[in-house]
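Chain naming here is simple, since letters A, B, ... match the order of the sequence lines and numbering starts at 1 in each.
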Protein chains: 2
Amino acid sequence: MSPLPSGLLGDLDPTSDRAVFRQIADQLREAIDRGRFREGEKLPSEADLVDHFGVSRMTVRNAFSILQGEGLVHAEHGRGVFVRPRPPVRRLASDRFARRHREQGKSAFIVEADAAGSHPTVDSLEVKEEKASQDISTRLGSVRRVLARRRRYLLDGRPVEFATSYLPLDIARGTPIAEPNPGPGGIYARLEELGHHLDHFEEEIRARMPSPAEVKTLHLAAGVPVIHLIRTAFDTGGRAVEVCDTVMAADAYVLSYQLPAT
Amino acid sequence: MSPLPSGLLGDLDPTSDRAVFRQIADQLREAIDRGRFREGEKLPSEADLVDHFGVSRMTVRNAFSILQGEGLVHAEHGRGVFVRPRPPVRRLASDRFARRHREQGKSAFIVEADAAGSHPTVDSLEVKEEKASQDISTRLGSVRRVLARRRRYLLDGRPVEFATSYLPLDIARGTPIAEPNPGPGGIYARLEELGHHLDHFEEEIRARMPSPAEVKTLHLAAGVPVIHLIRTAFDTGGRAVEVCDTVMAADAYVLSYQLPAT
DNA sequence: CTCGCCCACTCGTCTAGATACCTAAAGGAG
DNA sequence: CTCCTTTAGGTATCTAGACGAGTGGGCGAG
């Protein structure tokens with residue numbers, strides 16, 4: 001219960017219209033922005049702040065809850081509240097599905113993570129046939145049932161992405177694509193071997209807060225949104241041959257695209 | 001203080017490990033997902049839920065606070081808590097900067113919004129020379145000062161996007177680009193007229209929770225992330241001629257890109 | 001020295017109020 | 001009829017305290 005170092009945080013302004021817990025949140029936010037507290041560093045405990053500001057504990061907790069919602073800090077039960085470190089991000093370039101990257105033998109995720117010096121893992125593999133949702137059916141051109149390939153990607157043990165690929169049964173059934181491990185180069189390599197020469201991809205990107213299930217699967221901290229990416233692969237005949245639905249921890253990714261100016 | 005319609009919400013499970021306020025949040029979330037409460041509809045008041053579940057008010061508020069963080073509901077002081085309606089989204093296609101779209105005379109934003117039947121506005125215009133931040137300087141190739149063009153875009157009165165364009169002074173100073181209204185086709189049209197023939201754009205996309213300033217500028221509800229897009233325009237000589245830093249309300253946008261498979 | 005236990009510290013959850021302020025509708029004064 | 005006041009029903013903020021439970025260090029037993 002050592003008192004706060006004086007000067008670290010200021011006083012409240014009783015004349016202000018701003019609610020006390022917001023003022024406290026503002027002070028902490030500013031201290032973090034100014035680098036007074038570094039990444040991973042422990043903030044003053046709730047009890048410290050109760051003493052320093054002379055408010056009740058709920059008020060302090062309200063302040064912390066604001067900062068958590070902003071993704072600035074995270075609380076650890078029994079330890080304290082910490083400045084949330086910015087994890088290393090994974091950059092996705094727009095040429096990541098270029099044919100030349102498929103010749104290697106490993107999946108794009110593994111190759112890329114190895115190059116970045118991280119330790120990649122893939123788990124939660126599930127491959128099965130199922131009924132297509134309305135949305136997937138529309139994107140694939142009115143198919144009823146699809147082959148679904150689900151998997152989760154981890155970097156250095158941290159889950160960062162959860163993806164499901166959907167393929168029409170007439171394309172995928174009975175091929176290596178329906179196997180848990182589709183072989184070198186991934187399913188895009190298999191699709192081309194099967195005569196579905198890929199022409200282009202379309203990607204749709206949204207960002208939103210995660211559902212409770214996504215929080216669990218991706219071990220998301222409070223205040224971390226997800227990037228929801230839906231990619232459709234088209235063959236040279238203009239047919240949609242695959243839809244991949246991906247949910248990514250937003251703090252782990254930067255997406256990068258090149259657009260022609262023509 | 002009319003009692004809740006029975007059957008709308010269930011009971012608590014006292015044997016569950018799950019905290020009471022989470023159980024309440026779960027029930028409300030499920031009721032919303034199942035369509036028991038529609039978009040814009042008012043949820044039971046805090047007092048109703050206090051009575052129904054036999055808990056204290058703080059517990060109910062905690063439950064609401066979870067749902068707010070998920071972007072599912074929003075509270076209106078003195079009115080109630082409402083299911084947050086999903087606003088119409090603006091789709092950004094990857095060909096939105098194609099040269100053919102520039103010949104029209106109006107800015108891309110206006111044309112597109114008119115086509116979608118919304119009422120577009122642009123405000124908060126500011127054009128001035130300033131010192132380049134480290135990041136902007138790097139992207140533009142070590143320039144010290146830049147012309148900054150700031151503006152905010154609104155759809156039907158709702159702010160959806162806040163953007164700043166940065167251009168090297170040797171390109172922009174003294175040209176229509178330095179005017180508040182750069183003329184038909186926007187600054188990309190002017191750049192081409194000035195001999196900077198555009199070759200391609202690079203876009204970097206991140207998603208995160210907004211800063212307090214962004215919440216204010218974009219009138220963001222709780223639980224709405226922002227999409228942060230940084231676009232760099234390159235001329236045919238490979239020089240970066242503009243960087244545009246855009247912050248978008250994530251619930252108002254779907255980004256769409258086409259990637260070649262080659 | 002090592003292991004296990006205890007205790008201090010810390011956040012998590014919940015209660016039971018009090019006061020403030022906002023909104024909307026009803027009702028009364030003009 | 002119009003406008004203002006009242007009032008009921010909402011959320012916003014804050015207090016004071018209780019108990020639960022995870023963490024980690026210190027200390028004593030072996």
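Rounded to an integer number of Å, the gap from Arg79(B) CZ to dA12(D) P is 13 Å. Here dT10(C) presents its C1' atom at 14 Å from CG of Asp51(A), a figure rounded to the nearest Å. Across the protein-nucleic acid pair, Glu46(B) atom CD and dT19(C) atom C1' stand 15 Å apart, rounded to whole Å. Atom pair Leu49(B):CG and dG10(D):C1' shows a separation of 13 Å (rounding to whole Å applied). In this entry the distance linking CZ of Phe53(B) with C1' of dA16(C) reads 20 Å, nearest Å. Between the CD atom of Gln23(B) and the P atom of dT13(C) there is a distance of 12 Å, given to the nearest Å. Residue Leu43(B) contributes atom CG, which lies 16 Å from atom C1' of dG9(D) at whole-angstrom precision. Here the P atom of nucleotide dT13(C) and the CG atom of Asp17(B) are 12 Å apart, to the nearest Å.
In this structure, the side chain of His119(B) does not engage the main chain of Leu154(B) through any donor-acceptor pair within 3.5 Å.
Take the nearest nucleotide of DNA chain D for Arg18(A) and for Gly78(A): the residue whose nucleotide is more 5' is Arg18(A).
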Stepwise, does the side-chain contact (heavy atoms from CB on, under 4.5 Å) test hold for Arg150(B) with Tyr166(B)? CA-CA 9 Å; Arg150(B) 277 173 241 283; Tyr166(B) 301 94; 3.8 Å; yes
Margin query: For Arg22(A) and Asp26(A): C-alpha separation, side-chain torsions, deciding distance, then whether salt bridge (charged side-chain N to carboxylate O under 4.0 Å, His left out) applies.
Written below: CA-CA 6 Å; Arg22(A) 288 185 209 283; Asp26(A) 290 345; over 6 Å; no
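Residue Lys216(B) places its NZ atom among 12 or fewer non-hydrogen atoms of other residues, nucleotides or ligands, all under 6.0 Å distant. Annotation: Lys131(B), atom NZ; neighbour count of heavy atoms from other residues, nucleotides and ligands within 6.0 Å does not exceed 12.
Between Ser165(A) and Arg231(A), the side chains place no donor N or O within less than 3.5 Å of an acceptor N or O (distance only, hydrogens not considered).
Taking the side chain of His77(A) as heavy atoms from C-beta on, and the options dG20(D), dC22(C), dC14(C), the nearest nucleotide is dG20(D). Out of dC11(C), dT13(C), dT11(D), the shortest distance to the side chain of Phe21(B) is found at dT13(C). Relative to the side chain of Ala75(A), the nucleotides dG12(C), dC14(D), dA12(D) differ in distance, and dG12(C) lies closest.
Using a 30° and 60° split on the angle between ring planes, Phe109(A) and Tyr153(A) fall in the tilted class, from 30° to 60°.
Of the residues in residues 55-69 of chain B, those lying under 4.0 Å from DNA chain C by heavy-atom distance are Val55(B), Ser56(B), Arg57(B), Met58(B), Thr59(B).
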